[in-house]
Amino acid sequence: MKQGYFPQEIEKRWQTKWEENNAFFTPDDSDKPKYYALSMFPYPSGKLHMGHVRNYTITDVIARFKKAQGYNVLHPMGWDSFGLPAENAAMQRGANPEAWTDENIAYMTKQLKMLGLSYDWKREVTTCKPDYYKWTQWLFIQLYKKGLAYKKEAAVNWCETCGTVLANEQVIDGKCWRCDNVVEKKYLSQWFFKITDYAERLLKDLDLLDGWGDNVKTMQANWIGKSEGAIFRFPVVDAPNGEKMEVPVYTTRPDTVYGITYLVVAPEYKDIEKLTTAENKDAVEEYRANARKMTEIERLSTDRVKTGVPLGTHCLNPFTGETFPLWTADYALVEYGTGAVMAVPTHDTRDFDFAKKYNMPLKVVIENPENPSDCSTSAYVEEGVLVNSNEFNGMKNTEAKKAITQKAVDGGFGEFKTQYRLRDWLISRQRYWGAPIPVVYCDKCGIVPEKEENLPVLLPKDVDFSVVGKSPITTSPTFAETTCPICGAKARRELDTMDTFVCSSWYYLRFADANNAELPFAKTLVDKWLPVDQYVGGIEHAILHLLYSRFFTKAMKDLGLLSFDEPFKNLLTQGMVLKDGSKMSKSKGNTVDPDEIFENYGADTARLFILSDSPPARDFDWSDAGVEGCYKFLNRVWRLVSDNFDKLTRDYKLSFPLTRENDDLVRTVHMAIKGITNDISNDFQFNTVISKYRELTNAIYDWVGARGKLEFNEEDKNVLSFAIISLIKLMAPVTVHMSEEIWAELGGKTSIHEEPWCDWDENLAKASKITLVVQVNGKVKDKLEADEGASNDELQTLALESERIKELTEGKDIVKIIVVPKKLVNIVVKG
RNA sequence: GCCCUUGUGGCGGAAUCGGUAGACGCGUUGGACUUAAAAUCCAAUCGGGGUCAACCCUCGGUGCCAGUUCAAGUCUGGCCAAGGGCACCA
């Protein structure tokens with residue numbers, strides 16, 4: 001065996017060998033139980049960054065550990081390869097985005113292989129290839145036929161820099177998720193997926209996801225935003241044209257209905273013109289024009305002073321028989337509820353602010369009996385008892401919600417209503433590099449989906465990428481022109497492509513049957529492999545990708561394509577990779593290039609280090625010294641083997657008799673196996689796993705050192721071999737190349753990665769002696785050595801016989817003695 | 001404003017059930033080896049005090065304030081701070 005550790009040479013050799021042997025092929029048919037480990041697939045941006053390295057290493061170690069434990073493990077990889085960066089790069093070069101994407105995929109594939117990841121590359125999936133997006137289009141058509149894909153004119157989010165619309169989920173603080181540009185509202189006719197049909201199931205089924213963190217689940221629950229309330233319809237008493245009209249409002253506070261003093265409709269409210277009197281018309285028009293000019297950020301800012309103008313008309317409150325005025329104000333949102341709000345300034349802070357500014361009357365209807373408030377300085381929003389509310393006076397407001405809504409139901413002017421904040425998913429994009437929406441417009445037949453046998457609708461190649469201000473796809477002289485799938489007449493194709501999040505909403509299903517040319521996947525195979533047992537990725541997808549994927553899975557279940565409700569059984573959201581306290585990013589200039597680490601230290605060091613310092617869910621602070629430390633540790637392990645090479649055998653026997661000389665190391669190994677297995681099984685605590693590698697290594701060194709220059713007899717060699725081979729097997733999921741190399745050096749015929757996981761003996765996985773802690777009144781006063789098997793009585797006697805304890809308890813009353821088995825004796829004394 | 005997460009040495013972080021706080025590592029300091037350096041190895045490393053050193057003893061210490069308990073990083077109540085999410089959503 002070589003004296004030095006040369007990772008670059010070792011790693012390259014094994015990577016080649018694994019590839020030749022097709023070492024990570026996953027059969028669909030196996031007697032073993034299945035395990036599906038998945039990382040969120042990357043966008044092929046050019047090069048791997050440390051976040052990728054962390055993500056894929058975590059999943060790879062899980063996959064290898066589960067394989068060693070006897071599972072048939074599916075661990076695939078693919079590319080989320082449609083999207084704007086490729087198109088922008090193409091526009092800069094005047095070339096096709098496909099070439100740029102292919103180059104990046106080739107380079108990043110090379111990097112993934114250098115990291116030693118155990119992917120079954122035969123299942124590789126690339127979303128921008130026709131054999132994949134054919135099925136994205138096919139799924140679109142299935143959703144369309146079910147009424148879950150539809151086109152409508154709506155106010156949508158428009159990003160001028162990206163030249164396209166965005167989904168609500170892609171607008172972060174009023175800005176584009178990708179380029180940070182402020183988003184504008186536009187009225188456009190666009191394609192949507194009806195995710196709102198699934199709002200209740202998406203919310204309710206969060207309860208099924210025991211393997212997800214609460215943070216992600218609450219983020220999704222907040223985004224879905226369920227609220228229970230009521231719709232009340234208020235008749236208009238003085239409509240200018242004499243028409244019989246009513247204004248419906250949605251409220252979560254039906255209990256405050258007796259306190260209404262005015263009503264607000266959004267500036268975009270559909271009936272607003274009919275509700276405005278001639279004398280108020282100009283002011284209202286001006287106000288609406290101003291509202292249109294405002295950006296979303298200005299409009300939605302909560303600390304802006306509220307403004308509004310009266311419409312001049314009035315509604316009747318059927319509960320009180322009184323009338324109240326109608327206003328328009330931009331704090332009412334047209335997209336939520338009915339676009340109109342009943343205002344109760346005494347019990348809603350926003351209404352209160354508005355009422356103060358415009359001197360609206362205040363009417364208290366909820367009171368805390370112990371501490372009544374007149375609501376002249378702030379709204380009372382806590383619970384209380386109803387006042388000034390006719391027959392409901394004295395009722396608790398929580399009960400009054402139901403009772404008052406019931407009265408409206410009985411009177412025919414209201415109903416119970418559950419409202420969600422979630423909006424439908426806007427999936428059209430006015431861009432080239434995406435899956436074309438497979439729809440045709442025919443003058444006679446209208447909107448017609450493309451025939452399934454004509455899929456895929458291929459992206460045209462005859463386009464001009466140098467155009468500005470419009471989608472390159474519109475420059476194709478051939479693409480738009482087609483024939484109607486129904487009548488055969490001349491027709492036009494849809495020119496929008498799909499949001500890339502559509503492609504990534506089902507890729508994890510395709511891995512189950514990646515090369516199926518007849519279907520997106522066979523039902524038997526998805527039902528066999530799914531749900532994903534462990535999904536690993538960044539928290540930034542808590543809402544976007546994870547919500548969309550859950551929706552897709554549910555919709556596909558309803559389409560009969562698969563049989564489960566949730567795609568991802570367990571979710572690990574890994575923390576960010578930081579350097580010097582902030583996230584690694586090109587703009588901050590604090591990135592570390594994985595290639596450099598591979599070159600200088602090797603992939604095993606990179607893998608070991610990225611797992612070593614923090615638990616996976618927490619942020620990880622990169623330090624060059626830490627990398628160095630991991631590299632030194634691997635050298636130390638290497639020396640341990642090479643220095644003792646002549647004493648090692650793979651034919652060690654586990655059934656040797658335990659003697660006083662050797663039992664401590666054997667016990668240490670069993671404890672390490674147990675501890676490491678538990679740490680991986682329990683939330684993948686790789687940082688403590690790695691500290692246990694070090695402890696075991698230190699223990700073996702100490703054991704060898706204690707032997708000094710003594711000759712090793714057969715039993716010594718047996719024990720040392722057992723310890724060292726256990727160590728490299730335990731390390732194998734992390735240091736995949738080094739363990740394989742040492743295994744081979746020791747005469748291993750097969751790959752160490754085909755070996756079963758180490759077993760431990762519960763009786764050996766504990767020290768032969770325990771340290772008994774003796775406390776007096778809860779403070780540690782002495783530590784004694786005791787036999788592992790000592791009874792509580794024996795421990796108590798031992799403690800009381802300690803000289804030190806005798807001194808401390810002398811002349812005092814022993815009130816109580818508490819014995820914790822195998823651990824501790826606490827003597828409680830008085831005086 | 002609401003919701004979620006997290007607060008432990010100089011740093012990253014350990015600590016099944018409430019039972020030795022600070023595992024393991026980084027850093028620092030001292031030493032060995034060496035002509036020297038690198039590498040490697042050994043040792044020390046939470047703070048205050050007991051007149052120095054070793055040893056030992058003692059007090060304090062896990063964001064803050066209370067509480068429960070023989071015993072609290074861990075449980076309960078009330079705060080504070082940081083990070084993240086949502087937000088004129090009626």
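Computed from a prediction, not measured in an experiment: that's the story for all the values here. Below, chain A is the first sequence line, B the second, and so on; all start at residue 1.
Nucleic acid contact class of A/Lys781 (heavy atoms, under 4.0 Å, all strands): sugar-phosphate only. As judged by a 4.0 angstrom heavy-atom cut-off over every strand, A/Ala332 is placed among the base-contacting residues. Within 4.0 Å of A/Arg423, counting heavy atoms only, lies at least one base atom of the nucleic acid. Across all strands shown, A/Val820 has heavy atoms under 4.0 Å from base atoms, whether or not it also approaches the sugar-phosphate. Backbone-only engagement by A/Lys779 is indicated by non-hydrogen atom pairs under 4.0 Å involving sugar-phosphate atoms exclusively. Using a 4.0 Å heavy-atom criterion, one finds that A/Arg253 contacts the sugar-phosphate atoms exclusively. Residue A/Arg421 is in base contact, counting any heavy-atom pair closer than 4.0 Å across all strands shown. Note on A/Val341: a base of the nucleic acid sits closer than 4.0 angstrom, heavy atoms only. Within 4.0 Å of A/Asn682, counting heavy atoms only, lies no atom of the nucleic acid at all. Counting non-hydrogen atoms under 4.0 angstrom, A/Ser612 reaches nothing in the nucleic acid.
Minimum atom distance to the side chain of A/Pro615 is reached by B/G13, of the listed B/C57, B/C86, B/G13. Taking only side-chain atoms of A/Val780, from C-beta outward, the nucleotide of B/A90, B/A21, B/A15 with the closest atom is B/A21. Nearest to the side-chain atoms of A/Asp348 among the listed nucleotides B/A90, B/C59, B/A87 stands B/A90. Each of B/A14, B/A90, B/U20 was ranked by its minimum atom distance to the side chain of A/Thr771; first place goes to B/U20. Residue A/Lys823 places its side chain closer to B/G19 than to any other of B/G19, B/G12, B/U40. Nearest nucleotide to the A/Gln775 side chain, out of B/U20, B/A15, B/C4: B/U20. Listed nucleotides: B/G25, B/U5, B/G19. Nearest to the side chain of A/Leu824: B/G19. Distances were taken from every side-chain heavy atom of A/Tyr250 (C-beta onward) to each of B/G12, B/A23, B/A90; the shortest belongs to B/A90. Comparing B/C86, B/C24, B/A15 against the side chain of A/Gln685 picks out B/A15 as the nearest. Side-chain proximity of A/Asp214 to B/U5, B/G19, B/A90: nearest is B/U5.
The gap from the C1' atom of B/G18 to that of B/U29 amounts to 37 Å, rounded to the nearest Å.
In the region residues 618-634 of chain A, proximity to RNA chain B at under 4.0 angstrom, judged on heavy atoms, holds for A/Arg618, A/Asp619, A/Ala625, A/Lys632.
With respect to A/Glu788 and A/Lys769, no salt bridge is recorded, no charged nitrogen being found less than 4.0 Å from a carboxylate O. Using a cutoff of 4.0 Å between basic side-chain nitrogens and carboxylate oxygens, A/Asp679 and A/Lys692 are scored as salt-bridged. Between A/Arg292 and A/Glu268 there is no salt bridge, since no side-chain nitrogen of the basic residue lies less than 4.0 Å from a carboxylate oxygen of the acidic one.
No hydrogens or angles were tested; on distance alone, a donor-acceptor pair under 3.5 Å links the side chain of A/Asn826 to the base of B/C70. Scanning atom types as modelled, one donor and one acceptor separated by under 3.5 angstrom connect the side chain of A/Lys306 and the base of B/C88.
Using a 3.5 Å distance cut-off with no hydrogens or angles, the side chains of A/Gln220 and A/Arg550 do pair a donor with an acceptor. A side-chain N or O of A/Thr196 and one of A/Asp424 form a donor-acceptor pair less than 3.5 Å apart.
For the pairing with A/Val265, the side chain to side chain contact (heavy atoms under 4.5 Å, CB included) check across A/Thr328, A/Val249, A/Thr338 returns one residue only, A/Thr328. Paired with A/Trp425 under the rule ring-ring contact (aromatic ring centres under 6.0 Å, His included), one option of A/Trp223, A/Tyr548, A/Phe501 passes, and it is A/Tyr548.
A close approach under 4.0 Å does occur between a side-chain nitrogen or oxygen of A/Asn687 and OP1 or OP2 of B/A14.
Taking the O4'-C1'-N9-C4 or O4'-C1'-N1-C2 dihedral as appropriate, B/G9 has a value within 90° of 0 and is therefore syn. Regarding the sugar-base torsion, B/C17 falls in the syn class, its angle being within 90° of 0.
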**OP:** Show your working on ring pair (Phe, Tyr, Trp, His ring centres under 6.0 Å) between A/Tyr380 and A/Phe352 and close with a plain yes or no.
**Re:** CA-CA 10 Å; A/Tyr380 178 74; A/Phe352 182 86; over 10 Å; no
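Under the 3.5 Å distance criterion, the side-chain polar atoms of A/Lys766 are left unmatched by any main-chain donor or acceptor of A/Met671.
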